[in-house]
Structure formats: C-alpha cells, structure tokens
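Written out below as structure tokens is the structure these notes cover.
Numbered from 1 within each chain, the chains take letters A, B, ... in sequence-line order. What you see is a predicted model, and the numbers here were worked out from it, not measured in a lab.
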Amino acid sequence: MAAIQLTFPDGNVKEYDAGVKPIDVANGISKSLAKKSVSAKLDGHYVGMNDEIPASGQFELITTDDAESLDILRHSASHLMAQALKRIPKFANMHFGVGPYIENGFYYDTDNGAGNQVSVDDFPEIEAMMHKIVKENLPILSHEISREEALKTFANDPYKVELINDLPEGEKITVAVQGDHVELDKGGLVPSTGWIKHFKLISVAGAYWRGDSDNHMMQRIYGTAFWKAADLEADLQRRAEAKERDHRNIGRDLDLFFTSQEVGSGLPVWLPNGATIRRQVERYIVDKELNNDYLHVYTPVLSNLNLYKTSGHWDHYREDMFPPMDMGDGEYLELRPMNCPSHIMVYKHKPRSYRDLPMRVAELGMMHRYEKSGALTGLSRVREMTLNDGHTFVEPEKLEDEFKSILKMMMEVYEDFNITDYRFRLSYRDPKNTEKYFDDDEMWEKSQAQLKRAMDDLGVDYFEAEGEAAFYGPKLDVQTKTALGGEETLSTIQLDFLLPERFNLTYVGEDGKDNHRPVMLHRGIVGTMERFTAYLIEMYKGAFPTWLAPLQVEIIPVNLGAHGDYARKIQKQLQDAGLRAQVETKDAKMGYLIREAQTKKVPYTLVLGDEEMGQDNVTVRRYGQKATETISMVDFMKEIQADVARYSRVD
RNA sequence: GCCGACGUAGCUCAGUUGGUAGAGCACGGGUAUCGUAAACCUGGGGUCGGAGGUUCGAUUCCUCUCGUCGGCACCA
C-alpha cells in the first residue's frame, strides 16, 4: 500500500494509505476538527470529501475557521436550493444556469418558462423543502465524468449543455451528486447536505443568461447562508438596517430632495436642506481647486452637436444622449452629456505655450444623460447632474507628475470628508473587445503602463480591471460602496491621448515650434454633486458634521414670549459668525421640540430660559448625547467655530 | 432597455365574494405656557398613478401606459 502524506490545518503531517477518503481523514483526526472540516483540496484543487485520495499529492483540509469555508457553504446552499426546486412539482421541469457563491451569499439562475416564474411567495415552500433535504443529510459525492456522459446527464438542461459544449477539449468535467440531484461542478462543497443549516432566500430578480443583454432573461434567486444561526440573524438585521441608511429614505425624512413624476424621472429637486449640503461641498471643492491652480470657468450646458461628433461621444454614446434639437437652419444643438469638449474649447481659445502648461480648467459642469429608465436611482443615477469636472492639459513628459498631484489632492479631499472605505481600480480596455475603444494598440499599452507605474511609484494599493476604461483611454477609478452594498465610482482620473488629436490641440514648445501635442487628464474629485451627496448621506446616516449640516443650531426658547428676544439675539450672533441657526417658534412642549431637533439630527440644540438669559449663557445639547451643559455664549461660539473649522479648512 | 414586484392623503400603511375610502404622523384652528425624545380637543385634505375596456356600478377584474423598488444590462 502506498502511503500519502497529509498536512492538517494545525500543521501536523500524518501518513495515510492511498484510497482513504477526506471525510474519514477528518473524522480520524479529532472530533473537533472533524466538525470543522468542510472541504478538501489536493494540489490546490477541490476534491470531494467522500472521494478516495490518490497516492500522491499535497492534501489540505479546509475548516470552518477558514474564510473560504463560507464560500463553500454558500456554493453548497445554491445546489441545495436547486435540488429543492426540482422536488417541487411546479418547478420540476425548471432549467438551471449557473449557481455560484457571491460576496454576501449565493444565487442560482433559473428558467421555469414564461408565465411560471418563481416569486418570493414561493420562498417558504422552497425553504421548507431545503430543510427537508438537510435533514436527509445526503452525502455530496464528487467525481469526474466523460463529456458524453455529461451531455447525457444534462440532456434536459439546455443551459448546462451549452456550458459543457463550451468547455475546451480535454478539460476535466466533474459533477457533484447529492441523492437524486446532479450538478455540473468544479468542487468546493460541504461533505453532505446536513452541513447546510442556516440559510435564507432573499430575493428574485431578472438576469441575462451569461450576462449578455442579447440573451434570454432568467430568474436569479438570491439567498445567503451561514454556519451559525446568530450570524444569519445578524446578516438579515444588517440588510434591514441598510435600508434605513439608504439616501432615498433619509433624503425624504430630512427634506433634502425629492423626485416627482411631474418634474420627470431622474430629475431630482434639491430642497433647501439638501441644497445647503451641496452648496457647502461646492464651495469647499472650488476653493480647494483654486488653491491648486485650477482655472474655474462657466461653459454652456447646450452646445453645437458637432462638438460631440468631433469628440466621438456622439458615435459612442448616442443612445444615452438627449436627442439633438433641430434649429431648422442646419444647426443642431445638444444638451451636453459631458464637459470635456467645452473645456477643450477654453484651451483652444488662444495659442498656448509650454509655459502655460499644465493648464487646469475646472467647472461645476451641469450635464444631461438619457440614462436608461431601469438605471435611475435616487440621487446616485440621474439624468441631470453636475460634475466637479476638471481637465488638465499637460506636456506628455509631465503626465505622471500631474497624475500624482491630482491623486494627492483627491486623497486630501477624502481625508477632509472622512472617507476611508474605498479602493482604487485601474481600468483598462477589454483586450477581447477592442472595437469599443479608440484603435491604437501602442497608445493603450503605453498609457496603461504609465498609469500602473505612477500608482506603483506612489505605493498605493489598487486592483486592475479590464473592460472598464473610457473609449479614449485608461483611468483610475475610486470605488466606494453604497448603503445597500453596491459598488460605484466616486472619483476618477482618466488619461486621454485621443481628444487632443481629434480637436487638434497644440502648444508652442521650448523649441519654438507650435506643433506639440498636449495630453489631457480628465478628473472628477468629488464626482457629481448628486452621487457625492448621496454618498455623504449614507456615510453619515444623515447626521452630518457641523460644517455640512443644513441646520447647525436649533434654538428653543423655554417660553416664546418671555425668552424669544433673547433667542433671536443668540441667533443673530451665530448668523453673524456665518452659522446656520434657527429659533423654534412652534408653540409646543419642550420635549416635543427636543425630539424633533434630534430626529432631524441637528448638531447643536440650545435651550434658553430664565436660567440662561441673565448670564448670557446657553444650555447646549449636542446631537446624539442626552447630557446637557450650560455654558457662556462666548464658550459655545468658540466650540462651534472650532467644530466647523476643523472640517472646512482648505489648504 | 429587460425580468419580476409594487403604486390608496404630504409620509407610513389598513381596506376580499365589485356598491365611489380609513388610521397614525404631518398640516390648520383652539385650550394649556410647559426646562430636554411625542400635551389635549378639533378641522381640512384623496378623480385609490394615468388612459381605455368589462359591468347597472370598478380602488377592487382585464388591457395598455407612466412611475417606483429589487436585480440584470448600460455607465463618457
């Protein structure tokens, strides 16, 4: 008998006879480890827990202590769900696509034919069937089969057949068998269905087969699973709380903005409170840019359509642009979908010299995009938006320096807003789909390498993504998470060698020749005011830092008649100092007014009565605290000014 | 745009064999003038998203349409 060396999670190495099964190995070690072992890998590839181990190779057990085990559990849960569905008569003939684990759970793409879709109302029945199969504790067996066998096994599942046919010739095909259910599967599963105890189906939604909108749409059933009941409970709790954090809900509760059918879809109206937050952000970022040698301009939201034909945007994004306005004399005007051509016109207005470069043009530029109806979401995806836009025109050899200086400014801004949860994405073109992009392989190779080099020089962490570039060049995107877990781009820096060509931009070099071509950098630091505000709302859960808060100080006179004048005097002092303060004139009990100030998340609430009036004092209650403190107005003024100054510095 | 669900007062939501609607909060009026998370009384407010159809009669059933939500696709 050949002996095989097995390395265990605790580092121990033991010898076993070949032919032993991982599940026996796990059981043989110790009771505690056996309970924790969920899957096994041989030479880095998953093997079934119930399969025999061959005579050679490096073997490792994966236990519930490993983060990977949660993926294995969820992957197994998706199979469990598929098996349950097949056992329910009305889903007996359901076809299945793919059923992977994802970040917060798993899904399975299903197709039960038109008119027979799965609905959330079916979830209890499906879950009950899943629990039944868990009780049966069916062993999950994994083994290799031939292509012919595979095609025979899945003959009734056209999606699976397509997947099998797409596997390269010679590729190993493995299946996972649990009782009467067979899955096309690469492995990474729990030993038996009894391991999957704590799960919940979450939602059902449409999804194109293989992610292609030309393909048939399937029903994607989402679920999640955990090892412990408490973890599942906590996760469901988190999902519920995320809704409270959703900027659309807070926006309504705090009167920040609204959208209405009368105004139009994707066209939010900013109410005074939301407008204040936005104004603060706008003042901040414009000041910041002016201090970084940006030239702020105003350019029209409406321009000649030819501008976008020249830039190439018309060709690439016509579907998502508002239709041109035919002015009747051969001229077509277009609501601009982006600001670059406008800023290019600023550059082109006069001959430029290398001494003028880098030239940084910036604007809070309003633009319009006809986003598809299904994409519209609150403030984060809209049809009219104002971008904190900027374009730098730079000598090619200074490109990396300029890139780094923009990134530096971006990180300073993030610090001022306390934004810490983000990651950098280097967005390259999709090498398999190059017709979407400007056709110049050398340019792409070079600029993508430049981008990467600049990031490496700075020693900043990033990840790379193919197919995320703009048509004119690669970019650095800053990816953040929304309350509901979606990822979106907040800021971006884009390299552009194309538009300077298209618009024939030049500058006079040191050599006196006027045929030098600048490079362009497109950048948005806080992105669009809409999306950035949405992000801030969710990040702060509506409890804004004082410098951003719509109302900073709520003043409550104990008795409006007796203390109203004093309240208005205090308000005046605060307003003269540039602060946003309001005297509450509603004739209600104090408890009511305090409650209102707290639910509106006002940073400071002042209560003024006999005890304060004589001594020029205020009694202050800070947001989120129950405690109150009576201090002099002078001290309060110092406190709030320090509070505001801490965030609103521009350097 | 696609698949599914939903659309009743400003907001959150009730409203079943089809007989033109109700609560709480909010808002207006009144009483009380109150020291840190909801005083009490009272009033107004709805073409039940819109259009068409079936019916003696539609918030309810059907069709279309607009919008919202969950995803997918898209995102310069």
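- The closest side-chain donor-acceptor pair between A:His95 and A:Asn112, if any, does not fall under 3.5 angstrom.
- Residue A:His316 is out of contact with every strand shown, counting any heavy-atom pair closer than 4.0 Å.
- The residue A:Ala207 sits close only to the backbone: its heavy atoms come under 4.0 Å of sugar-phosphate atoms, none of a base.
- Within the 4.0 angstrom heavy-atom criterion, no nucleotide atom of any strand lies near A:Asp253.
- Spacing between atom CZ of A:Arg239 and atom P of B:rG70 amounts to 13 Å, rounded to whole angstrom units.
- OP1 or OP2 of B:rA76 lies within a sub-4.0 Å distance of a side-chain N or O belonging to A:Lys475.
- Once the 5.5 Å centre distance and the 30° plane angle are applied, the aromatic ring of A:Tyr472 is found not to be stacked with the base of B:rA76.
- Pairing partner, B:rG67: B:rC6, with both Watson-Crick or wobble hydrogen-bond distances short of 3.5 Å.
- The side chain of A:Arg621 contributes an N or O atom lying less than 4.0 Å from OP1 or OP2 of B:rA37.
- With distances taken from any side-chain atom of A:Lys436 to the nucleotides B:rC74, B:rG67, B:rC75, the minimum falls on B:rC75.
- A distance-only check finds a donor-acceptor pair linking the side chain of A:Lys160 to the backbone of A:Gly97 [under 3.5 Å].
- Contact annotation for A:Asp587: base contact, defined as any heavy-atom pair under 4.0 Å involving a base atom.
- Within the 4.0 angstrom heavy-atom criterion, no nucleotide atom of any strand lies near A:Asp212.
- Looking at heavy-atom distances under 4.0 Å, A:Thr619 makes contact with a base.
- If you check every strand for non-hydrogen atoms under 4.0 Å, A:Lys586 touches sugar and phosphate atoms only.
- Between A:Lys589 and the phosphate of B:rG35, there is no side-chain N or O to OP1/OP2 separation shorter than 4.0 Å.
- Remark: A:Arg248 is in phosphate contact with B:rC69, judged by side-chain N or O atoms under 4.0 Å from OP1 or OP2.
- Within the 4.0 angstrom heavy-atom criterion, only backbone atoms of the sugar-phosphate kind lie near A:Arg252; the bases stay farther away.
- Among the heavy atoms of the strands lying under 4.0 Å from A:Gly591 are primed sugar atoms or P, OP1, OP2 only; no base atom is included.
- A close approach under 4.0 Å does not occur between any side-chain nitrogen or oxygen of A:Ser373 and OP1 or OP2 of B:rG67.
- With a cut-off of 3.5 Å on both Watson-Crick or G-U wobble distances, the partner of B:rA23 is given as B:rU12.
- The A:Arg220 side chain lies nearest to B:rC72 when the options are B:rG35, B:rC72, B:rA76.
- With hydrogens and angles disregarded, no donor-acceptor distance shorter than 3.5 Å links the side chain of A:Arg336 to the backbone of A:Leu302.
- Nucleotides B:rA14 and B:rC27 are separated by 24 Å at their P atoms, to the nearest Å.
- Of all the residues in residues 117-126 of chain A, A:Gln117 reach under 4.0 Å from RNA chain B with at least one non-hydrogen atom.
- Look at A:Tyr592 and you'll find a side-chain N or O under 4.0 angstrom from OP1 or OP2 of B:rA26.
- Counting non-hydrogen atoms under 4.0 angstrom, A:Leu376 reaches the backbone sugars and phosphates but no base.
- In terms of polar N and O atoms assigned as donor or acceptor, the side chain of A:Tyr208 comes within less than 3.5 Å of the base of B:rG1 in a complementary pairing.
- For A:Arg210 against B:rC72, no side-chain N or O and base N or O form a donor-acceptor pair under 3.5 Å.
- Checked against B:rC3, B:rC11, B:rG35, the side chain of A:Met217 finds its nearest nucleotide in B:rC3.
- Using a 4.0 Å heavy-atom criterion, one finds that A:Gly211 contacts the sugar-phosphate atoms exclusively.
- Checking B:rC40 for Watson-Crick or G-U wobble geometry (two distances, each under 3.5 Å) identifies B:rG30 as its partner.
- If you check B:rA37, B:rC74, B:rG35 against the side chain of A:Glu612, the one that comes closest is B:rG35.
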